[in-house]
Amino acid sequence: METESEPYVRLASLRQLHQVMADMNTARSLADTLQSVADGAVGALGYEMAAVNLVRQDGDLVVAAFSGNSAAESLITGRVGSRDSWDRRLNMGEQWGDLVFIPHTEGWVLDDDDVPQWYTDGPAPRFEDEWHPSDRLFAPMYTPGVQGGSSGELLGVISVDRPRNGRRPGAWGREALQMYAFQAAIAISNARLRANMQRALVRLERDQQALRASEESFRQAFEYAPSGMAIAEMGGDQHGRILRTNDALCRLLGRPASAMRRYSFSDLVHPEDIGTLLRTSAEGGRAELRLGRRDGSYVWVSLRNSVVADAADGPRFLLTHVEDIEERKRRELQLAHRASHDSLTGLPNSAELRSRLSSRLCRRQAQPGVLESLDAAYGHPAFDAPTGHGFDFAQGGEAFDGFDHHVHTSAPEDGRDDGTKGLAVLFCDLDGFKSINDRFGHNAGDAVLIEVARRLGRGVRDGDTVARLGGDEFVILADGLGKADAQDLAVRLRNEIIQPIRAEGRAVRVGASFGIGWAHCGMTADEVLKSADERMYVEKRSRPKQHRRAG
């Protein structure tokens, strides 16, 4: 735009300026936009050279684009000037609106600062508005949205050099450069926004691809896991409802996937394990419990829950890993059974007998201040009348606080049958067993013990305990019997035992002596067994030797 023709701006010049601004706003990238800004200042505004200095994140300005001189472009493009030097330049010289003009008479002080620049020497101006090679003209660009951008955030600076007409720009040229800088700031901001959006879209697509890959990896891990996997709802009315299962779990429970979706885990768990399931489901973690198969049987599983949380709504699902531990559980139960049962007869052993007996007894010890409340709670004095000793409430090896609903065990009084029911303890010792061992060997003796155990088990009620104390001694715990009932039971069992027994191809006979003791709270298990044992020896000595073993 020729200075002398500013009052008569040619239509072609306006069209050219409009096209340059359109090119700035339609550039494909930020780099293209910056180059369009530099090229427009040369091609449309009529300057021989133009540079676009862009503010970096650290505040310094980098020469991001250059136009008009290839030698200067290769020299200064990409170089950085400090923010302090640029602030100094923008705060000196003459203020032409938002433009800053530093004449050659003042600009010499900037020759040695760190701002990248291209300049040449020249003669002094011949007339007042002639452009000197050392003159500097800057058009600051501020963030959009602030008209008269001096109050906005600095985005960059367009620096121009030597108008083609050799004159300093007049009012129209200055206004055009200022408007151009304003539009350039908008174009650069939009280009940055587009670049950020494109990067965000690339990251989003990359994240979505990673998510799809993760989901596919999870699907394959879920579907083809060697152990059972399930996804269940968490919370609400449908808590625990199974949404998805893998083939391994369907095979383990013998149920098709379509049928599994009709159930929740609470529908499948063994009734005795429902509490364990509910605690595990609410808290996550691991539990061992039994799940029902389609054929009605149950299988022991290790169930591990992981809570799958939603960032907005909180916990949503349970990812459940179900591992078949039937074989291990069977071995554990076998080991536990061996530890508590006699290996020969399969009856509870001495330790198990004492445990079962102790679980029914409590030892009484209470502070005098609470005795009256205990009397009222249990309907009998808290002190043992004969001894005067209090209860210490030790039940099954644990402290008993008087409030755990323990039903005290009492015994019929000696000397009469008053109808009181109690826990009868029958101590059984075989008569003539040693002679069988001596005459026919231990195999025969073992056969006798096995058969005696079978007959004792057959002769008692469900819920009664038959235990082998050791050797040829057996003990029966029978609850809810009166004195006459206990005596009748001892007679029946003795009559069963004295029947001939096949051992090592021959028939042998053994007798049995029974002592009946009674368990009641305040006694220990050993005291109860000792009492029954003593009564057994009294009964054994009271019978003639020849009648102790039949046959």
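When all heavy atoms of Asp267 and Arg262 are compared, the closest pair comes out as OD2-O, 4.4 Å. The nearest pair of heavy atoms linking Leu253 to Gly292 is CD2-O, 3.9 Å. The two residues Ala139 and Leu99 have their closest heavy-atom pair at CB-CD2, 3.5 Å. Here the shortest heavy-atom pairing between Leu34 and Val52 reads O-CG2, 3.7 Å. Taking both residues in full, the closest heavy atoms of Ala184 and Met141 are given as CB-SD, 3.7 Å, listed atom of the first, atom of the second, then distance. Nearest approach of Arg136 to Gly107, heavy atoms of both residues: NH1-O, 3.1 Å.
Remark: Glu73 engages Phe66, Thr77 in a side chain to side chain contact (heavy atoms under 4.5 Å, CB included) (not counting sequence neighbours). Not counting sequence neighbours, Glu128 has no partner by the salt bridge (charged side-chain N to carboxylate O under 4.0 Å, His left out) test. Under the salt bridge (charged side-chain N to carboxylate O under 4.0 Å, His left out) criterion, Arg79 pairs with no residue, sequence neighbours left out. With sequence neighbours excluded, the residues that form a side chain to side chain contact (heavy atoms under 4.5 Å, CB included) with Thr33 are Ala27, Ala187, Ile188, Ala191, Arg194. The side chain to side chain contact (heavy atoms under 4.5 Å, CB included) search around His341 returns His337, Pro348, Arg356, not counting sequence neighbours. For Gln198, the side chain to side chain contact (heavy atoms under 4.5 Å, CB included) criterion is met by no residue, not counting sequence neighbours. Residues satisfying the salt bridge (charged side-chain N to carboxylate O under 4.0 Å, His left out) test with Arg241, not counting sequence neighbours, are Glu233. Applying the side chain to side chain donor-acceptor pair (under 3.5 Å) criterion to Arg199, with sequence neighbours excluded, gives Asn196. Shown here are the side chain to side chain donor-acceptor pair (under 3.5 Å) partners of Ser82, two or more places apart in sequence or in another chain: Ser85, Asp114. With sequence neighbours left out, the side chain to side chain donor-acceptor pair (under 3.5 Å) criterion links Asp58 to Arg56.
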The test is side chain to side chain contact (heavy atoms under 4.5 Å, CB included); show your working for Val157 and Leu61 and say whether it passes. CA-CA 8 Å; Val157 178; Leu61 281 74; 3.9 Å; yes

Would Arg286 and Ser302 satisfy side-chain hydrogen bond (donor to acceptor under 3.5 Å, both in side chains), going step by step from the backbone distance to the final call? CA-CA 7 Å; Arg286 178 173 181 166; Ser302 171; 2.9 Å; yes

Show your working on side chain to side chain contact (heavy atoms under 4.5 Å, CB included) between Ile158 and Tyr180 and close with a plain yes or no. CA-CA 10 Å; Ile158 302 173; Tyr180 186 76; 4.2 Å; yes

Going through the distances and angles, do Glu323 and Arg328 end up as a salt bridge (charged side-chain N to carboxylate O under 4.0 Å, His left out)? CA-CA 11 Å; Glu323 182 182 359; Arg328 174 172 69 79; over 6 Å; no

With a 3.5 Å cut-off and sequence neighbours excluded, list the donor-acceptor pairs that the side chains of residues 222-230 form with protein atoms.
| from | atom 1 | to | atom 2 | distance (Å) |
| --- | --- | --- | --- | --- |
| Glu223 | OE2 | Arg244 | NH2 | 3.1 |
| Ser227 | OG | His321 | NE2 | 2.4 |

Between side-chain atoms of residues 39-50 and protein atoms elsewhere (two or more places apart, or another chain), which donor-acceptor pairs fall under 3.5 Å?
| from | atom 1 | to | atom 2 | distance (Å) |
| --- | --- | --- | --- | --- |
| Asp39 | OD1 | Gln35 | NE2 | 3.0 |
| Asp39 | OD1 | Ser67 | OG | 2.8 |
| Glu48 | OE2 | Arg162 | NE | 3.4 |

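Rounded to the nearest 0.5 angstrom, Leu357 CG and Arg354 CZ are separated by 9.0 Å. We find the CD-CH2 distance between Glu327 and Trp300 to be 14.5 Å, quoted to the nearest 0.5 Å. The OH atom of Tyr298 sits 9.0 Å away from atom CG of Leu268, with the distance rounded to the nearest 0.5 Å.
Taking 4.0 Å as the cut-off between side-chain N and carboxylate O, Glu130 and Arg168 do not count as a salt-bridged pair. Under the 4.0 Å criterion applied to side-chain N and carboxylate O atoms, Arg330 and Glu326 are assigned as salt-bridge partners. The pair Glu288-Lys329 counts as a salt bridge, with a side-chain nitrogen and a carboxylate oxygen less than 4.0 angstrom apart.
Between Tyr142 and Phe182 the shortest side-chain heavy-atom distance does not fall below 4.5 Å. The closest side-chain heavy-atom distance from Ser306 to Leu318 is not below 4.5 Å. Inter-residue side-chain proximity for His132 and Asp135 is flagged as met; some heavy-atom pair is nearer than 4.5 Å. Side chains of Trp131 and Leu137 form a contact here, defined as non-hydrogen atoms less than 4.5 Å apart. Pro133 places none of its side-chain heavy atoms less than 4.5 Å from the side chain of His104. Using a 4.5 Å heavy-atom threshold, the side chains of Arg255 and Arg293 count as separate. Put simply, the side chain of Gln95 does not reach to within 4.5 Å of the side chain of Phe101, judged on heavy atoms. Two residues are said to be in side-chain contact when any heavy atoms from C-beta on lie closer than 4.5 Å; Ile231 and Thr320 fail this criterion.
Counting only N and O atoms by type, the side chains of Trp96 and Glu94 include a donor and acceptor under 3.5 Å apart. Asp295 and Ser297 share a donor-acceptor pair across their side chains, judged by distance under 3.5 Å alone.
Sparse packing is recorded around CZ of Arg126, with 12 or fewer heavy atoms of other residues, nucleotides or ligands lying under 6.0 Å away.
For the salt bridge (Lys or Arg N to Asp or Glu O under 4.0 Å) criterion with Asp113, the lone passing option out of Arg88, Arg89, Arg83 is Arg89.
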